[in-house]
K.L.:
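If you scroll down you'll find the structure; I have some questions about it.
Numbers here are sequence positions counted from 1. Remember, it's a predicted structure, so these values are computed and weren't measured experimentally.
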Amino acid sequence: MTLPIAITEADGFALSMIGILTLSLMTLLGIFVAILRSAAKRDPEVEALIEEVTRTAPPTPVGSPEPSTHEPWEREGDWWKKG
């Protein structure tokens, strides 16, 4: 009994690879869509907390120097210029 469509081994391999690539692409697309949908929805409690923090946070002065971030045992960055 002969099949009406002759598929060689190379054709079968190529078709299976196309199927695997298509399945992989659809999986990645589904993950991407799920990420976008979940990022669009935010928890209302988190939104309220963010708004409260931005309302109650004191404004930072523009010209104020930044606090020192080095440890007491560390030298300043320009120690070699002094003296």
K.L.:
Got a sec, which hydrophobics cluster with Phe32, joining ILVMFWY side chains under 4.5 Å apart, including via others?
P.N.:
Leu36

K.L.:
For Ser38, what residues pass the side chain to side chain donor-acceptor pair (under 3.5 Å) criterion, not counting sequence neighbours?
P.N.:
none

K.L.:
According to salt bridge (Lys or Arg N to Asp or Glu O under 4.0 Å), who are the partners of Glu47, at least two apart in sequence or on a separate chain?
P.N.:
Arg42

K.L.:
For the CG atom on Leu28, are there more than 12 heavy atoms of other groups (residues, nucleotides or ligands in this structure) within a distance under 6.0 Å?
P.N.:
yes

K.L.:
Name all residues meeting the side chain to side chain contact (heavy atoms under 4.5 Å, CB included) criterion together with Glu9; count only those two or more places apart in sequence or in a different chain, and write none if there are none.
P.N.:
none

K.L.:
Hey, what else clusters with Trp73 if you join Ile, Leu, Val, Met, Phe, Trp, Tyr whenever side-chain heavy atoms sit under 4.5 Å?
P.N.:
none

K.L.:
If hydrophobic residues (ILVMFWY) are linked whenever their side-chain heavy atoms come closer than 4.5 Å, directly or via other members, who joins Ile31 in its cluster?
P.N.:
Ile35

K.L.:
Working to the nearest 0.5 angstrom, can you tell me the gap between Leu23 CG and Ile18 CD1?
P.N.:
13.5 Å

K.L.:
Pairs in or reaching into residues 13-28: which pass side chain to side chain donor-acceptor pair (under 3.5 Å), with residues at least two apart or in two chains?
P.N.:
none

K.L.:
With a 3.5 Å distance limit and no angle check, can you tell me whether Glu74 reaches the backbone of Glu71 through a side-chain donor-acceptor pair?
P.N.:
yes

K.L.:
With Glu45, which residues qualify under side chain to side chain donor-acceptor pair (under 3.5 Å), at least two apart?
P.N.:
none

